[in-house]
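Have a look at the structure below before the remarks.
Position 1 is the first residue of the sequence; numbering continues from there. Bear in mind the structure is a predicted one, so any value in this text is a computation, not a measurement. Atom set for the values below is all heavy atoms of this structure, side chains included, hydrogens, waters and symmetry mates excluded.
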Amino acid sequence: MANFRTLSTEQTRVADLTNEVIELSRKELSLDNAFKTFFEMEQSEPVLNAALMYLKSLLNRDFELVPHKDSTNFEKKVVQEINDSFDNLESYTKREFVGNILSFLSYGCALFECTYKREGGVTSVKNLTPIRVQDVAKWSFDQGKLAKVKVNNPYDGSDIIESFNFEPVEVRGDKLAFFRLFPSTDRPLGCSLLQSAYVPYKSKSVISQYQLIGIAKSFGNTLLLKAPSQYLNSYLTNDGDADQAQYMQYLLESMELLHSGARSYAAMPSDVNHGGQSEFDISTISKIQANDYTADSTIERLNSEMLMSLMANILELGNGSSGSYSLAEEKSNIVALFVKTIQATISDQLLKVIKKCFELNSLDYKHLPKIKFENVEDPDFETVSKYFNRLAMAGLITPDQNIESYLREVGNAPMADYSKTLNTESSADPVERADEEKQL
């Protein structure tokens, strides 16, 4: 007898976007599944991937430690050694190190194991080894402070990447640099920017699938197979004629090959007599019109929602005809505020690493250095020049070599060399110079 093939209700059921997406979010955004969900969102959704790449490229800036103005010579030496150690990390360049930190935009947190070295009587950073948050099997907190983590093999199960001499280990919290984005008691692992984008992301995913189904139906229609009841009963049950069931199996498989798979046709009984009607008939149900399933406007709205939730609506600057300079300026200010917030978050955690270096060098925290990041964009020369001009005219500032050097730097002019004397001798012909003086 033929084997009756059942279709999974999960495959055929139409998703209820108002309830099911929210229900899925509770499961996929739980602490046990969130990192995997965020990884899939970033990798599979071009809008999210492009927005995050933009934000990371905007934020990936060089930094340096600036000694405290009252630092002793030894403290300045320690700060210089720490600066050099960040420039010469064992595993990554400084840019790559900052790029690994910025993974907390995607996952809500970033984790590093800190090691130190002592050379020339000064202890500084040896390496900051990134730990993938997806590979942490257990997080242990003590009164809100990370006490330890248990880390599994980062590439376990990979066929193309191998990690040598790695066994699951526990790392103490005092050896970790733990960067978190907007942490709270409810979110001890931080808050990913992707979390608020989940609902529009999942809604778009479901709508896109049904749009593709609509396109397939529009191209090929839905096939309708009419067959005698006894043939259908023989196929769908274990009772009946085996030859009839086998013939039905052959017809349905042929329809799948000619069309779009198992769910691209419908079968219904056709009890007719042998006098004038054919026992079997294959036709199309109806042609689906393109406007019956078009979801472009909905998908565009969901794309916009994802960008807004990522604080990346600045990606739309200049795309619309109704934009204005004031709107662009306001959005630029929002971006600047966002950049400062992220840099402050990074600085807070880097400062803990610097404090550890000061401790290992038997120094207190009175003269901790300041972390200075590279500017996201160059200052506007016209704005800066007007600012200094007004201060000078009001007598609130005295022009000196430092101000001149800064203005030269902003204007991309060569630095002044005050050790060289300018050649002020005139090369004009004496007769021509006399004529010019007469005209004056």
Side-chain angles (χ1 to χ4, degrees), residues 29-43 52 55-56 59-60 63 82 85-117 124-142 144-184 187-195 342 345-357 360 371:
L29 295 180
S30 65
L31 290 178
D32 294 335
N33 301 316
F35 293 144
K36 180 180 178 181
T37 300
F38 295 147
F39 177 81
E40 292 177 351
M41 289 174 66
E42 184 175 1
Q43 297 299 314
L52 285 171
L55 290 176
K56 290 176 182 179
L59 293 164
N60 196 342
F63 67 90
I82 299 175
S85 64
F86 278 125
D87 288 328
N88 298 281
L89 295 173
E90 289 187 351
S91 303
Y92 296 91
T93 65
K94 189 187 288 187
R95 288 277 188 177
E96 291 171 338
F97 168 60
V98 176
N100 279 303
I101 294 177
L102 293 174
S103 65
F104 72 175
L105 298 178
S106 302
Y107 300 107
C109 61
L111 196 62
F112 295 80
E113 182 179 5
C114 308
T115 54
Y116 303 89
K117 62 183 178 180
S124 59
V125 178
K126 179 181 180 181
N127 200 24
L128 287 160
T129 306
I131 300 174
R132 293 201 321 163
V133 292
Q134 303 99 305
D135 301 321
V136 177
K138 187 175 183 180
W139 305 77
S140 299
F141 288 86
D142 183 10
K145 183 179 180 180
L146 185 62
K148 63 180 179 180
V149 294
K150 183 178 180 181
V151 185
N152 292 327
N153 191 324
Y155 303 112
D156 187 24
S158 174
D159 295 329
I160 61 174
I161 301 178
E162 182 177 8
S163 181
F164 293 99
N165 302 322
F166 190 96
E167 296 293 335
V169 295
E170 284 189 351
V171 185
R172 298 196 318 269
D174 59 353
K175 296 182 62 178
L176 294 170
F178 188 31
F179 298 85
R180 292 182 292 177
L181 188 64
F182 313 131
S184 65
R187 296 171 178 172
L189 301 182
C191 180
S192 167
L193 294 183
L194 293 174
Q195 185 150 345
I342 298 300
T345 302
I346 296 174
S347 297
D348 289 343
Q349 192 57 228
L350 286 178
L351 202 58
K352 294 181 180 180
V353 177
I354 296 168
K355 286 181 177 179
K356 185 66 175 179
C357 289
L360 296 174
I371 300 174

Going through the distances and angles, do Phe104 and Leu111 end up as a side chain to side chain contact (heavy atoms under 4.5 Å, CB included)?
CA-CA 9 Å; Phe104 72 175; Leu111 196 62; over 6 Å; no

Under 3.5 Å, is there a donor-acceptor pair between the Asp32 and Ser30 side chains?
no

Separation between NZ of Lys175 and OG1 of Thr129, rounded to the nearest 0.5 Å
10.0 Å

Lys36 and Glu40: side chain to side chain contact (heavy atoms under 4.5 Å, CB included), yes or no, with the steps?
CA-CA 6 Å; Lys36 180 180 178 181; Glu40 292 177 351; 3.4 Å; yes

With a 3.5 Å distance limit and no angle check, can you tell me whether Lys94 reaches the backbone of Phe63 through a side-chain donor-acceptor pair?
yes

So does Lys56 have more than 12 non-hydrogen atoms from other groups sitting under 6.0 Å from NZ?
yes

What I'd like to find out is whether the side chain of Lys126 reaches to under 4.5 Å of the side chain of Glu90, using heavy atoms alone.
yes

Decide side chain to side chain contact (heavy atoms under 4.5 Å, CB included) for Leu59 and Leu105; before the verdict, give the C-alpha distance in whole Å, the side-chain angles of both, and the deciding distance to 0.1 Å.
CA-CA 11 Å; Leu59 293 164; Leu105 298 178; 3.8 Å; yes

Which heavy atom of Cys114 sits nearest a heavy atom of Val353, and at what distance?
SG-CG2, 4.2 Å

Answer yes or no: is there a donor N or O on one side and an acceptor on the other, between the side chain of Gln349 and the main chain of Phe178, under 3.5 Å?
yes

Are the side chains of Leu350 and Phe86 in touch, meaning some heavy atoms are under 4.5 Å apart?
yes

Closest non-hydrogen atom pair, Ile371 against Leu351:
CD1-N, 4.2 Å

What's the shortest heavy-atom distance between Ser85 and Lys117, and which atoms?
CB-CE, 4.4 Å

Met41 CE to Ser106 OG distance, which is reported to the nearest 0.5 Å:
10.0 Å

Minimum-distance pair of heavy atoms, taken over all atoms of Phe112 and Leu128:
CD2-O, 3.7 Å

So, do Leu55 and Leu193 sit near enough that their side-chain heavy atoms are less than 4.5 Å apart?
yes

So, taking the atom named OG in Ser103 and the one named CZ in Phe179, what distance separates them when rounded to the nearest 0.5 Å?
10.0 Å

Compare every heavy atom of Tyr107 with every heavy atom of Ser192, then report the nearest pair and how far apart it is.
CB-C, 3.7 Å

In Å and rounded to the nearest 0.5 Å, what is the CG to CZ distance from Asn127 to Phe97?
9.5 Å

Distance (rounded to the nearest 0.5 Å) between Asn100 CG and Ile131 CD1
11.5 Å

If we ignore hydrogens and angles and just use 3.5 Å, is the side chain of Asn60 paired with the main-chain N or O of Val98 as donor and acceptor?
no

Can you give me the closest heavy-atom contact between Leu189 and Cys109, atom names plus distance?
O-CB, 3.3 Å

Using 0.5 Å steps for rounding, measure from the CG atom of Asp174 to the NZ atom of Lys356.
5.5 Å

Is the side chain of Thr37 donor-acceptor paired with the backbone N or O of Leu29 at a distance under 3.5 Å, no angle test?
no

Ile346 vs Leu102 side-chain heavy atoms within contact, under 4.5 Å
yes

Step-by-step side chain to side chain contact (heavy atoms under 4.5 Å, CB included) determination, Leu31 to Trp139
CA-CA 11 Å; Leu31 290 178; Trp139 305 77; over 6 Å; no

